[in-house]
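Below is one structure, written out as structure tokens; the observations come after it.
When reading the values below, keep in mind they use all heavy atoms of this one structure, side chains included, and skip hydrogens, waters and symmetry mates. Proteins come first, then strands; the chains are lettered A, B, ... in the order of their sequence lines, and each starts at number 1.
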Amino acid sequence: LNRDERFAAEAVPHLRSLFGTAYRMTRSVHDAEDLVQETFLRAFRGFDRFTPGTNIRAWLYTILYRVRTDTLRRAGRSPSTVELTDDGPPVPPSQEALGDSEDLCRALEGLPEVFRVAVILRDVQEFSYEEIAQILEVPIGTVMSRIHRGRALLRVVLGGPRP
Amino acid sequence: LSCNPERVTGYVDGVLDEASAAEVKAHVGTCSECREQAAFEQDLRRRLRGLSALDPALDFEQRVLKRSRRPRRPSLRWSLPAAAALVAVAILGVRTSARLLSWELVKDHIHCFGRTPLEAHVWGPDPGRVASWFGENGNTIPVPPASAGGLELVGGRRCMLLPDAVIVAHLLYEGGQRRTSVFVLPSTRPIPDSYTAEIDSESVRLLRVGTHTVGIVGDTPEDAEAFKRAFTESRAWNETPSRPFLLTMDAALASILGRPVGL
């Protein structure tokens, strides 16, 4: 297999899940498409630096997250880090406790991006803490803290008892 | 052991070491609050895993692959068929909407100015020299303004725009922290006479000046407007007829390789 074929064989199967994550990250089909486009562009250019047989999925997500933070930095923003205060979360709690998956999606979308991304990587994409630490380029303790905060916010939004 | 909700999360995820896991497990057995948290998180994990996948548009995979393979520094062996294919596409004259064109210009603007050192093929500030460099390399353009809105010409480069693989002159202007790109586009691009867009917090102006089509990407609307005025009012740009864009294999290859080639 030449480089092109190897890239197609290894990276393309992850395109759908990358798009799903990009969409949940950006909350826009247009931005998600841009994000995945740029991710694949960088991945293709950097494919020589990828060691065959190692974790390509985590590698692609690392690039995806880097592209996302670069984009936000250029726009003068950073993934929002709204604190959980006694006033409650940034979205109004849903009326139906533990509603269906539509409620779940809406609750997830309402999370500040840093926590949302951590929860998506762990609970939707089922990455290990080590992989998430690599993708987000933060220590494992921070991974645990972000996942915890994300889930705690979801618990409030979904109408469970306040943590 | 007092409540430590973060460790309960680690416990649910099975990432604590044996001793800590045993501690948390014992605590959860006696503390209803932490038990509820653990139960919620376990249930949440189950529900999130079950979320339906979000599918991109049907042609998305093709589009992504097509763009990903747009090479920056490929081998000559790879470039030849690629360039030939791109030239063939160019001849077919794929039409692009103004919005898509603007989007591409913004990407190129961000890409070029995001690189350190700045990637120019010819350096300013002499507009005459920059124009003649473009002429020698296949993109004949009139002498551009040396400055506008406080930004000065720092250089130029040739870049390829998809989908029709046309090679355009890209003029780079800087002033303080602000940057503006001016692209001289082939007049065959179907755009309205005057077009304005804001994309990724950049301001885009597409306009016709004389026989030229100019694309401006500025960091602020004021910069974009200043350049729009400078080009609209330029005698050289209004009076010098543009030479038809020659998209040759040489030019396509030179653009891909970032240097002129002799075949």
_Within 45° cone of A:Phe40 ring axis and under 6.0 Å: A:Arg45 NZ or CZ_ =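 No cation-pi geometry.
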
*Donor-acceptor contact below 3.5 Å, side chain A:Arg116 vs main chain A:Leu111*: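 Yes; at least one donor-acceptor contact below 3.5 Å.
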
Side chains of [X] and [Y]: donor-acceptor distance under 3.5 Å anywhere?
| X | Y | result |
| --- | --- | --- |
| A:Glu33 | A:Gln37 | no |
| B:His109 | B:Asp219 | yes |
| B:Trp103 | B:Asp200 | no |

*Identify which part of B:Val12 has an atom lying under 4.5 Å from any heavy atom of chain A, answering side chain, backbone, both or neither.*
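For B:Val12, the contact with chain A is made by the side chain alone.
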
*Looking at residues at least two apart in the chain, or sitting in another chain, which of them share a side chain to side chain donor-acceptor pair (under 3.5 Å) with A:Tyr61?*
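Applying side chain to side chain donor-acceptor pair (under 3.5 Å) to A:Tyr61 gives A:Ser17, A:Thr21, A:Gln125.
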
*Could you pull out all residues at least two apart from A:Thr39 that satisfy side chain to side chain donor-acceptor pair (under 3.5 Å)?*
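Here no residue qualifies.
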
_Options A:Arg122, A:Met144, A:Glu126, ranked by heavy-atom pairs under 4.5 Å with chain B, top entry_ =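 Top option by heavy-atom pairs under 4.5 Å: A:Arg122.
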
*On the 0 to 90° scale, with breaks at 30° and 60°, tag the A:Phe7-A:Phe47 ring pair as parallel, tilted or perpendicular.*
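Ring orientation, 0 to 90° scale: perpendicular.
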
*Name, in order of residue number, those residues of residues 128-138 of chain A that have a heavy atom at a distance of less than 4.5 Å from a heavy atom in chain B; otherwise write 'none'.*
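If one takes a 4.5 Å heavy-atom cut-off, the residues of residues 128-138 of chain A near chain B are A:Tyr129.
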
*Does a side-chain heavy-atom distance below 4.5 Å link A:Ile120 with A:Met25?*
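They are not in contact (no side-chain heavy atoms under 4.5 Å apart), so the answer is no.
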
*Smallest separation among heavy atoms of B:Asp223 and B:Gly149, with atom names*: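 Where B:Asp223 meets B:Gly149 most closely, the heavy atoms are OD1-O, 4.2 Å.
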
*When only heavy atoms count and the cut-off is under 4.5 Å, which of residues 13-20 of chain B reach chain A?*
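Answer by number: B:Asp13, B:Val15, B:Leu16.
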
*Are A:Arg24 and A:Glu109 close enough for a salt bridge, meaning some N to O gap below 4.0 Å?*
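No, no charged N to carboxylate O under 4.0 Å.
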
*What part of A:Leu108 gets closer than 4.5 Å to chain B, counting heavy atoms only: side chain, backbone, both or neither?*
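For A:Leu108, the side chain is the part near chain B, not the backbone.
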
*Against chain B, label A:Arg42 side chain, backbone, both or neither, depending on which of its atoms sit under 4.5 Å from a heavy atom there.*
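No part of it gets close to chain B.
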
